[in-house]
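Written below as structure tokens is the structure these notes are about.
Quick note on labels: first sequence line is chain A, next is B, and so on, each numbered from 1.
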Number of protein chains: 2
Amino acid sequence: MTTTAVRGLRVAELATAAGVRPDTVRYYERAGLLPAPERTAAGYRSYDSGALDRLRFIQGAQRLGLRLADIRTLLTVRDTGTCPCEPAEQLLRRRMAEVDAEIARLLALRAEMAAMADALPSAECPPPSPGTWCPPAGGGDPSCPS
Amino acid sequence: MTTTAVRGLRVAELATAAGVRPDTVRYYERAGLLPAPERTAAGYRSYDSGALDRLRFIQGAQRLGLRLADIRTLLTVRDTGTCPCEPAEQLLRRRMAEVDAEIARLLALRAEMAAMADALPSAECPPPSPGTWCPPAGGGDPSCPS
DNA sequence: CTAGACCTTGGAGTGCGGTCCAAGGTCAAG
DNA sequence: CTTGACCTTGGACCGCACTCCAAGGTCTAG
């Protein structure tokens, strides 16, 4: 057998491999997302490649917009040996609904902003007109130009 | 004429009129978004309708996603008597670009999530399969189902 | 006159996900 | 043996926009 003395990754190596900072790795440990790793005689954290997988999973889930608390839940389920697909699917669907809502909101916003930008051409405003405004955004108030 | 002793709004009245909390109004004052209002003999803040306009403007700008610091800049310009259209237009365009980028990001994300949701049908996972996963999201890894 | 609803202030806390710090220990190169 | 790069810990701090708190003052209805 290969002697299993593979000298685990130190925290900075793991962090670099995943593209995060050492502090972030330690933070995840404190937050319960990464298990406490083995330690060298000197007390240094020593990670195996499983930790990198886990870290990458966290990043993937985070990219979807899941919060660390959700991700922790998923990881906890997995750690029981159960596949976390079921909770993951729920989170996924919930998050998809959120994303859809956000897209809709932003599209509406974008349209509104475009209309606004139109309404102020290259805009020469009569110098002192305090009290009126450009972006009150609410109910059509192109009070500024023309 | 109506005697102009219109008894200005107290902070809670202004806040209610705008749909925010009194603390928020005071916070805006501290943050330099609302000018220090007149005070009654007892030291109570007393607002006129201009404050409500201003507050509504802040809300409109905020709805566009502008940060309070940006809004303060706009308000500061206006307070000189100059129309803030020019800075407003810059902020508007910058923010539009941000919104566009965010929309694009979310659309890509949504597509990815939809593909993922497809990939886990109603998903019966072989009970203990730790190490593999559902949402690592990175490079196509439907490791969980089937 | 008293109860209760409002007002004042400065400062602390919230949530989220980190990020930085100081004081001290460890390790490898030169 | 020294230098410098790493590691350890607990805790403070960041940004953002609030939100809440305590301790005290004021106002108004009954």
Next on the checklist: How many whole angstroms separate atom CZ of Arg72(B) from atom P of dC16(D)?
Outcome noted: 10 Å
Checklist entry - How would you label the contact of Val11(A) with the nucleic acid (heavy atoms, under 4.0 Å): base, sugar-phosphate, or nothing? => result sugar-phosphate
Next on the checklist: Let's see if you can work this out: which of dC18(D), dC7(D), dT8(C) has an atom nearest to the side-chain heavy atoms of Leu68(B)?
Outcome noted: dC18(D)
Checklist entry - What nucleic acid atoms does Arg39(B) come within less than 4.0 Å of, heavy atoms only: base, sugar-phosphate, or nothing? => result sugar-phosphate
Item to check | Earlier contact from the 5' end, DNA chain C, for Arg26(B) and Arg30(B) | outcome: Arg26(B)
Checklist entry - Counting only N and O atoms by type, is there a donor-acceptor contact under 3.5 Å from the side chain of Arg10(B) to the main-chain atoms of Ser46(B)? => result no
Checklist entry - Atom CG of Asp23(B) to atom P of dC7(C): distance rounded to whole Å? => result 11 Å
Checklist entry - OP1, OP2 of dA5(D) versus side-chain N and O of Arg10(A): anything below 4.0 Å? => result no
Checklist entry - At under 4.0 Å, does any side-chain N or O of Tyr28(A) touch on OP1 or OP2 of dG17(C)? => result no
Item to check | Nearest-Å distance for atom pair OH/P, residues Tyr27(A) and dG10(D) | outcome: 16 Å
Next on the checklist: Run the side-chain contact (heavy atoms from CB on, under 4.5 Å) test on Leu68(A) and Tyr28(A) for me, step by step, so that the C-alpha distance in whole Å, both residues' side-chain angles and the decisive distance to 0.1 Å come before the verdict.
Outcome noted: CA-CA 9 Å; Leu68(A) 295 187; Tyr28(A) 286 170; 3.9 Å; yes
Next on the checklist: I need the CZ-P distance between Arg21(A) and dC7(D), as an integer number of Å.
Outcome noted: 14 Å
Checklist entry - Is the shortest side-chain N/O distance from Gln62(B) to OP1 or OP2 of dC18(D) below 4.0 Å? => result yes
Checklist entry - To the nearest Å, how far apart are Leu14(A) CG and dC6(D) P? => result 15 Å
Checklist entry - If you pin Thr24(B) and Glu29(A) to their nearest nucleotides in DNA chain D, which one's is more 5'? => result Glu29(A)
Checklist entry - What is the distance from CD1 of Ile71(B) to C1' of dC16(D), rounded to the nearest Å? => result 12 Å
Item to check | Proximity to the side chain of Tyr44(B) - top-ranked nucleotide from dT19(D), dC7(C), dT8(D) | outcome: dC7(C)
Item to check | Spacing of Tyr47(B) atom OH relative to dT8(C) atom C1', expressed in whole Å | outcome: 12 Å
Checklist entry - How far apart are the closest heavy atoms of Arg105(B) and Arg63(A), and which atoms are they? => result NH1-O, 4.3 Å
Checklist entry - Under 4.0 Å: is that the gap between some side-chain N or O of Arg45(B) and OP1 or OP2 of dT8(C)? => result yes
Item to check | Nucleotide nearest Ala12(B) when distance is taken to its side chain, options dC18(D), dC7(C), dC6(D) | outcome: dC7(C)
Checklist entry - Any ion pair linking Arg45(B) and Glu29(B) (charged N to carboxylate O, less than 4.0 Å)? => result yes
Checklist outcome for this item: Closest to the side chain of Arg67(B), out of dA17(D), dG17(C), dC27(C), is dA17(D)
Item to check | Pairing of Asp79(B) and Arg72(B) as salt bridge, 4.0 angstrom limit | outcome: no
